[in-house]
Amino acid sequence: MISQADLGWQSLSPDTATLVQLFGEAGIVVREEFTGESAIAGAVHLIDIENGDWGRAAEVAAAKRVRWSAVWGEHVPPRIDVFALLACRNGHLLLRTHLRETGGSLPSQTPFYPGADRPERTVADMLGVVFTGHPDGRRWLRHQAWTENQFPLRKEFPLAGTPTPATPPDCLYPFREVSGDGVYEIPVGPVHAGIIEPGHFRFQAMGEDILSLEEHLGYVHKGIEKVAEGRDVWGLARLAGRVSGDSTVTHCWAACQASEAALGVGVPKRAAFIRAILAERERIANHLGDIGACCNDVGFAFAHAQCARLRELWQRDNRLLFGHRLLMDVVIPGGVRRDLDRAGIDLLREANTRLSAEVGEILPLLYEYPSLQDRLRTTGELTPKQARALGALGYVARASGECWDLRRDAPYAPYDGMVVTVPHCLEGDASGRVRVRGDEILVSLDLLEELLNKLPPGEIAATLPTTHAECRGIGLVEGWRGETVAYVHLDGAGRVARYFPRDPSWLNWPTLEAMIHGVIVPDFPLCNKSVNGSYSGHDL
Amino acid sequence: MFSVLEKLFRTGCLTEDLPPAGEESAELTAACRQEITRVFGRSMAIRMVDAGSCNGCELEMHALNNCFNDIERFGLHFVASPRHADLLLVTGPVSRHMQDALKRTYDATPDPKLVIAMGDCAADGGEFGVSYASVGAVSNVIPVDLVIPGCPPTPVRLLQAITTLLGRCPQAGKTNEAR
């Protein structure tokens, strides 16, 4: 069992009810208990606060070591609703405030939560909300495809926009400058050297040492949130499965969880189990691939070849049993598309046994191999304090002592009936991140075994109501990268009015900038891979 | 060291004929090699460009390099720069933010060159279509020689497609005139 000491930071944070009480004591007017349209279904405690208290609420929460998770907005003419999600000891508190659509502004939460920096700038880019007191006034997701005065997530903004035939490159983004004798700048991207997504990295270096790194993302912004508007929940699930292809099960599950909560639909037990089987298989596949890739980035091709071999075998079983190598479109609203028969269960059990034996052999070898560990240890160190400040998630946080995992801390079906061990360490270096991920494979194999053994009989999908009122829901799923959020607002005709997916990469990209100081330039690919933020999941 | 060598020895060579089932495999291998030899000498260098993909296509592209598919046995290999490339393998609906970068990458690739649009999004915009943020199909931005549908296409399908492309590819010197 997990002891209180293992829980670390979050065990010190208050529960949601206590935090609401603390808000009250700080003079913040809180409105609770909502019904009908204004309610939000799902595993969150919703409160409304005044615009002016937005920053103050963050200050109170930050002082009590509450983790900041997400901010997003929604245009509901004639107002804009802004939401902020906070993670407490016992679950999530969702703050909401209502702004006028023109001239509305909010005190920024970034001074208290550095992780809110880019997400708030994105709300500004997409909806035109002004955050006063924000330390960085630059745009974030907006490059040159739309203008400063256009806000794609406003309802009057057409999906087609008003683009020019050729969108110019974003050459004028004002990067931070570093000057001094011998300091030079290395621009990298958006097209990188490997098989990898596009983004821009601006290094300031002295000799081989990196003084600072600044990321410029948004290159693969393809309008996912806008494209979602007007779809039905089935179309939404398909789109959610392509927010980040490596996390297709995670995002699809989160979006379906949000839709189901909004519609008040219960998912059959068997479907929940199969979803978890899919999610654990996705976790293992990605961890295998990335462990190999991290080793490959320091020239240890053996691990790369072995891990790629195991990943391929794993993906082939995915295709055989679920019809897709990456498990796309298997999770659907109300349940799952594919059932498992006896032969399928046996096949998955055998795959587990085989993989257990293989990783049992390979992982200890990697953990101790001197020439490999010589490169991984002390490279890209993220201190627990930095991880906390930035609100890091998933294995990035857990390798720096921040031991959050929704499967254990805010469990949803079927994890609510299981004991989930959460591997973690304090080193915070590339070696630690590789080790945590290796250990997570072992935990996932155990969970898979349990899920297969206890797979309940019954239906694999619930029927969705054909008519319903306007409704909103939140989904929260622990993907392989970490806590993944989805907010879904359906109108009375069953069409999506707003979909917001929050990939854990939003919180993890800034950790790469934090860990890179003093690292040599050739170790950047390793550091990047050891964090492995999603570009697509971030850029939307 | 010994444990690594021992594991390598026990793992052995796992490279499979392509596709894994049926007689086509040998045919493909021979055909693939023949066409690449004819057009590009003994090797063809591939530069991938993610112009807005969800990363699903990239994962399958990685799988081309694993021991089962071993793309390099066909003389096909991925390179770090478009300046070294014969073939651009492009994924994603082209996001407007990547439109210019894709065009520049194309321009930086020496002639003769080929372009494959990989995946449903690269084919026609897929789930994302054309919008304020997306230009849609790769062919809306640069000339495309072959489209490989699929979400994402499997590694085997990808390898098969490259031979198809090479099979109908004009003589190296004429590639540019055709455009």
Side-chain angles (χ1 to χ4, degrees), chain A residues 143-146 150 152 157-163 166-170 190-198 218-224 226-227 238-239 241-246 248 289 293 302 305-306 308-309 311-313 315 319 325-326 328-329 361-362 365 369 534-537 539, chain B residues 1 3-5 7-8 11 14 20 47-69 78-82 89 92-105 108 121 125-135 141 151-152 154-155:
Chain A
H143 289 196
Q144 304 295 328
W146 66 96
Q150 293 180 312
F157 186 95
L159 173 62
T162 50
T167 302
D170 196 26
V191 179
H192 295 158
I195 300 174
I196 184 173
E197 301 176 83
Y219 287 90
V220 287
H221 175 74
K222 42 196 174 280
I224 289 175
K226 192 77 179 178
V227 168
R238 243 187 358 263
L239 184 67
R242 285 154 184 84
V243 165
S244 181
D246 47 34
T248 179
F302 165 79
Q306 292 290 338
R309 172 176 67 86
R311 183 186 154 95
E312 175 71 22
L313 293 171
Q315 281 189 276
R319 189 175 192 197
R325 284 164 56 88
L326 301 173
M328 279 178 176
D329 305 324
E361 194 177 8
I362 293 169
L365 196 156
Y369 208 74
S534 166
Y535 298 71
S536 182
D539 295 353
Chain B
M1 187 67 194
S3 47
V4 167
L5 291 174
K7 181 68 184 169
L8 286 173
T11 304
L14 299 172
R47 174 63 237 165
M48 72 78 59
V49 184
D50 175 342
S53 118
C54 75
N55 200 29
C57 284
E58 284 63 36
L59 292 175
E60 293 299 59
M61 223 185 278
H62 274 291
L64 290 174
N65 281 319
N66 71 34
C67 60
F68 298 99
N69 296 315
F78 288 93
V79 292
S81 165
L89 188 53
V94 182
S95 72
R96 294 193 187 271
H97 292 172
M98 275 301 287
Q99 188 178 358
D100 188 73
L102 175 61
K103 185 74 176 49
R104 287 191 194 191
T105 305
C121 298
E127 283 292 319
F128 309 101
V130 176
S131 71
Y132 76 96
S134 163
V135 197
V141 181
C151 187
T154 63

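Chain A is the first sequence line, chain B the second, and so forth, proteins listed ahead of strands; every chain is numbered from 1.
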query: Given a strict heavy-atom distance threshold of 4.5 Å, which part of B/Val79 is in contact with chain A: side chain, backbone, both, or neither?
result: backbone
message: Could you check whether any side-chain heavy atom of B/Thr105 comes within less than 4.5 Å of a side-chain heavy atom of B/Met48, counting everything from C-beta outward?
response: no
message: Which one wins on heavy-atom pair count under 4.5 Å against chain B: A/Pro158, A/Ala305, A/Ala166?
response: A/Ala166
query: What orientation do A/His143 and B/His97 show, parallel under 30°, tilted 30 to 60°, or perpendicular over 60°?
result: parallel
query: What residue among A/Arg238, A/Arg242, A/Lys222 forms salt bridge (Lys or Arg N to Asp or Glu O under 4.0 Å) with B/Glu127?
result: A/Arg238
task: Look only at the side chain of A/Lys226 and the backbone of A/Phe157, and say whether a donor-acceptor pair between them is shorter than 3.5 Å.
output: yes
- prompt: Which of the residues A/Gly223, A/Gly218, A/Pro198 is involved in the greatest number of heavy-atom pairs with chain B at under 4.5 angstrom?
  reply: A/Pro198
- request: Count the heavy-atom pairs under 4.5 Å between each of A/Val227, A/Asp539, A/Leu326 and chain B, then report the option with the highest count.
  value: A/Leu326
task: For the residue pair A/Tyr535 and B/Asp50, establish whether any side-chain heavy-atom pair is separated by less than 4.5 Å.
output: no
statement: Assert top hit (heavy-atom pairs under 4.5 Å, partner chain A, pool B/Cys67, B/Cys151, B/Gly126, B/Ala51) equals B/Cys151
query: What part of B/Pro82 is in contact with chain A, defined as an atom under 4.5 angstrom from a non-hydrogen atom: side chain, backbone, both or neither?
result: neither
task: Select one option (side chain, backbone, both, neither) describing which atoms of A/Tyr219 are under 4.5 Å from chain B's heavy atoms.
output: both
message: Under a 3.5 Å cutoff, is there a donor and acceptor pairing between the side chains of B/Tyr132 and A/His221?
response: yes
- prompt: Where the side chain of B/Arg47 meets the backbone of A/Ala193, is there a donor-acceptor pair that is under 3.5 Å apart?
  reply: yes
query: What part of A/Gln144 gets closer than 4.5 Å to chain B, counting heavy atoms only: side chain, backbone, both or neither?
result: backbone
- request: Side chain from CB out, backbone as N, CA, C, O: work out which of these in A/Asp246 comes under 4.5 Å of a heavy atom of chain B, or both, or neither.
  value: both
- prompt: Between B/Asn69 and B/Asn66, is there a donor-acceptor pair closer than 3.5 Å when you use the side chain of the first and the backbone of the second?
  reply: no
query: Do the side-chain N and O atoms of A/Thr162 and A/Gln150 include a donor-acceptor pair separated by under 3.5 angstrom?
result: yes
message: Which one wins on heavy-atom pair count under 4.5 Å against chain A: B/Ser3, B/Gly129, B/Ser134?
response: B/Ser3
message: Checking side-chain polar atoms at under 3.5 Å, does B/Glu58 have a donor or acceptor matched by the opposite partner on B/Ser53?
response: yes
- prompt: So what's closer than 4.5 Å to chain A heavy atoms on B/Phe128: side chain, backbone, both or neither?
  reply: both
query: With only heavy atoms counted, which part of A/Tyr369 is less than 4.5 Å from chain B, the side chain, the backbone, both or neither?
result: side chain
message: Quick check on the interface: out of B/Pro152, B/Ser81, B/Gly92, who has the most heavy-atom pairs with chain A under 4.5 Å?
response: B/Pro152
message: Taking side chain as everything from C-beta outward and backbone as N, CA, C, O, which of these in B/Cys121 sits under 4.5 Å from a heavy atom of chain A? Side chain, backbone, both or neither.
response: neither
task: Under 4.5 Å, counting heavy-atom pairs only, tell me which of A/Gly289, A/Ser534, A/Gly194, A/Ser244 racks up the most with chain B.
output: A/Gly194
- prompt: Can you tell which of A/Leu313, A/Val191, A/Thr167, A/Ile195 has the highest number of heavy-atom pairs within less than 4.5 Å of chain B?
  reply: A/Ile195
Among B/His62, B/Arg96, B/Met61, residue most engaged with chain A (heavy-atom pairs, under 4.5 Å): B/Arg96
- prompt: Most heavy-atom pairs under 4.5 angstrom with chain A, which of B/Leu102, B/Leu8, B/Val130, B/Val49?
  reply: B/Leu8
query: Which atoms form the tightest heavy-atom contact between A/Gly241 and A/Met328, and what is the distance?
result: O-CE, 3.9 Å
statement: So, the part of A/Ile362 with a heavy atom under 4.5 Å from chain B: the answer is side chain
task: Flag the one option from B/Ser95, B/Ala101, B/Gly56, B/Pro93 with the top tally of heavy-atom pairs under 4.5 Å to chain A.
output: B/Ser95
message: Any side-chain to backbone donor/acceptor pair from A/Arg325 onto A/Gln315? Under 3.5 Å, distance only.
response: no
message: I'd like to know which of A/Gly161, A/Ala160, A/Ala308, A/Pro168 tops the heavy-atom pair count under 4.5 Å against chain B.
response: A/Ala160
message: Under a 3.5 Å cutoff, is there a donor and acceptor pairing between the side chains of B/Thr11 and A/Gln306?
response: yes
